[in-house]
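It should be emphasised that the depicted structure is a prediction, and the values quoted were computed from it without experimental measurement.
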Amino acid sequence: MDYLPLFADLRQRPVLVVGGGEIAARKIELLRRAGARILVAARELGHELQALEAEQAVEWIARSFEPAQLDGVFLVIAATNDNALNSQVFDAANARHKLVNVVDDQPKCSFIFPSIVDRSPLVVAISSSGTAPVLARLLREKIEALLPANLGQMAALAGEWRDKVKQRYRKMSDRRRFWERAFNGLFASQMAAGNVSAARQTLDRELEHISDNQGEIALVGAGPGDSGLLTLRGLQVMQLADVVLYDHLVSDEVLDLVRRDADRICVGKRAGAHSVPQEETNQLLVSLALQGKRVVRLKGGDPFIFGRGGEELQAAKAAGIPFQVVPGITAAAGATAYAGIPLTHRDYAQSVMFITGHCRADGDGIDWPSLARARQTLAIYMGTVKAAEIAAGLIDHGRDPLTPVAVIGRGTRQDQQVLTGTLNQLEVLAAAAPTPALLVIGEVVNLHGQLAWFQHSAQQGARESAVVNLA
């Protein structure tokens, strides 16, 4: 280990920065966040430091460096483009046993600045000992993505309970188990949902040994297929799951991100294949949560857009089970974006309607006149089976048979296909497209040829073959 990791309390401690340019300003920003009293020695100050000096956020003590300026300071930073001056600062600081950092000159550093993930009061520091700072920065970005933004608030609240927990549990091992339960259970989920009041009540109940072994349900939108479209919050919840109930629409690459030791149960529905009845899925969610498990219900797209997520949460609510919702990118937004088809465009469509091709048998009749209006985009989910009926209904109620249409099969995935044609060809296009597929009807489809960007050459080939087959 080349450097001993330390976290220094700099609040109101004097720190000398030699230099007044952009590099010095970057270091000073970190020092300010840590509460240091900042002294600057520089021939002149850049615009940023001039503003800080005017606000009395830094003290400009001299226009040149003198070794005597090191007396009484806690740390020293040399941030100039003058190598000789930087060496002078380093030698003078070493002679006085002061910790010194010469920016971008690792041999002249008795301390270094790590890459920082700031979730104050929780702070994570990553360092390559000055050998590969870009690599350390890349690792910081990955850790940033994994750590929820609310961790700092959670740590601060836990600090408020620290003395209470010490009084309740005399043994360190008991205290450790208490916090392990809290940080991996309902308390953590309530904090993530912003429900601080409920989180406080949960900690109080845990201290009183009131435990009903109750789990929770998280309804998570997995997006349309590309794992890169999964939300950060969705990934974090999936990594905490004890059991995951998922649909057929959830791609394998998204499922690969589920915690390795979590149980996985497929409850998906697919046309022409065996499926789990919705009522059975609802009961399974409730049953698993009542066993104290953290249950993730992973649904393709967004769970509240034709995903029956509302029905599942109604069952959880009736059973008194805590739940949360993590939205996802719905297929209409994701698949059309990857196909280069804007859902709205001021020259083609000022409105968009999301429609399901599967309606309840006892539901109201379809409002064909509203759907058939020109200059609007229709995004139709689960519509391939009824494509002929949809096309006929729209044409019968006034939509031009030559209205552009697209059928996007397996949207956002590596094998995505986009088949384009006209409304009177919709049935043939739908039959040729791989599933799951989204139907898009409207003049915006004409932009596909200009704006397609995802696997453009493959899509172009598929589109041309579709046109030839229909000719």
Side-chain angles (χ1 to χ4, degrees), residues 221 223-226 229 231 249 299-310 325 327-360 363-412 416 418-427 429-430 433 436-454 459 463:
D226 183 352
L229 298 181
T231 66
L249 291 177
K299 303 175 79 71
D302 181 271
F304 278 0
I305 298 181
F306 306 128
R308 303 188 75 172
V325 182
I329 294 178
T330 189
T336 56
Y338 273 50
I341 301 175
L343 287 171
T344 62
H345 188 288
R346 66 178 182 173
D347 294 332
Y348 297 102
Q350 285 73 47
S351 63
V352 57
M353 298 181 68
F354 292 0
I355 307 163
T356 176
H358 289 177
C359 299
R360 290 175 55 141
D364 294 334
I366 297 174
D367 185 3
W368 288 111
S370 294
L371 299 182
R373 287 198 302 263
R375 297 183 64 80
Q376 72 174 352
T377 304
L378 302 181
I380 305 176
Y381 296 68
M382 300 170 285
T384 55
V385 173
K386 294 188 176 182
E389 179 183 331
I390 291 168
L394 293 172
I395 293 171
D396 288 346
H397 288 81
R399 198 75 195 253
D400 188 340
L402 298 181
T403 299
V405 301
V407 181
I408 307 171
R410 300 183 64 78
T412 78
Q416 170 181 295
V418 182
L419 307 181
T420 60
T422 54
L423 184 57
N424 55 8
Q425 299 169 334
L426 184 62
E427 180 181 9
L429 292 171
L438 179 82
L439 312 185
V440 185
I441 300 171
E443 288 73 12
V444 292
V445 172
N446 285 330
L447 294 169
H448 166 66
Q450 301 175 44
L451 305 181
W453 59 273
F454 180 67
Q459 293 176 14
R463 184 171 66 254

With Arg373 via side chain to side chain contact (heavy atoms under 4.5 Å, CB included) - residues at least two apart: Ser370, Gln376
Non-hydrogen side-chain atoms of Phe454 and Val418 separated by less than 4.5 Å: no
Minimum side-chain heavy-atom gap Ile408-Thr336 below 4.5 Å: yes
Rounded distance [0.5 Å steps], CG in Asp226 versus OH in Tyr338: 3.5 Å
Set of residues satisfying ring-ring contact (aromatic ring centres under 6.0 Å, His included) with respect to Phe304, sequence neighbours excluded: none
Spatial distance of atom CD1 (Ile305) from atom NZ (Lys299) [nearest 0.5 Å]: 12.5 Å
Counterpart residues, side-chain hydrogen bond (donor to acceptor under 3.5 Å, both in side chains), relative to Tyr348 (two or more places apart): none
Value rounded to 0.5 Å, distance of NE2 in His397 from CD1 in Ile366: 10.0 Å
Student check: side-chain heavy atoms of Gln425 and Val405 closer than 4.5 Å: no
Atom of Ala387, atom of Ala430 and distance for their closest heavy-atom approach: CB-CB, 3.6 Å
Results of side-chain hydrogen bond (donor to acceptor under 3.5 Å, both in side chains) for Glu443 - residues two or more places apart only: Arg399
Which residues share a side chain to side chain contact (heavy atoms under 4.5 Å, CB included) with Pro342, sequence neighbours left out: Leu447, Leu451
Minimum side-chain heavy-atom gap Leu438-Tyr381 below 4.5 Å: yes
Any residue meeting side-chain hydrogen bond (donor to acceptor under 3.5 Å, both in side chains) with Thr384, in chain and number order, not counting sequence neighbours: none
All side chain to side chain contact (heavy atoms under 4.5 Å, CB included) counterparts of Ala337, not counting sequence neighbours: none
Residue pairs fulfilling side-chain hydrogen bond (donor to acceptor under 3.5 Å, both in side chains) with at least one residue in residues 400-412, sequence neighbours excluded: Arg410-Asp415
Nearest non-hydrogen partners of Thr420 and Val445, listed with the distance: CG2-CG1, 4.2 Å
side-chain contact (heavy atoms from CB on, under 4.5 Å) partner of Ile441, chosen from Ile390, Thr422, Thr377, Leu371: Ile390
Where at least one partner belongs to residues 331-351, residue pairs that pass salt bridge (charged side-chain N to carboxylate O under 4.0 Å, His left out), sequence neighbours excluded: none
For Ile329, side chain to side chain contact (heavy atoms under 4.5 Å, CB included) partners two or more places apart: Pro224, Leu229, Ala333
Nearest heavy atoms of Trp368 and Gly393, plus distance in Å: CE3-C, 3.6 Å
side-chain contact (heavy atoms from CB on, under 4.5 Å), paired with Leu426, selected from Val407, Leu419, Ile395: Val407
For Ala406 against Ile341, the heavy-atom pair lying closest together: CB-CD1, 3.8 Å
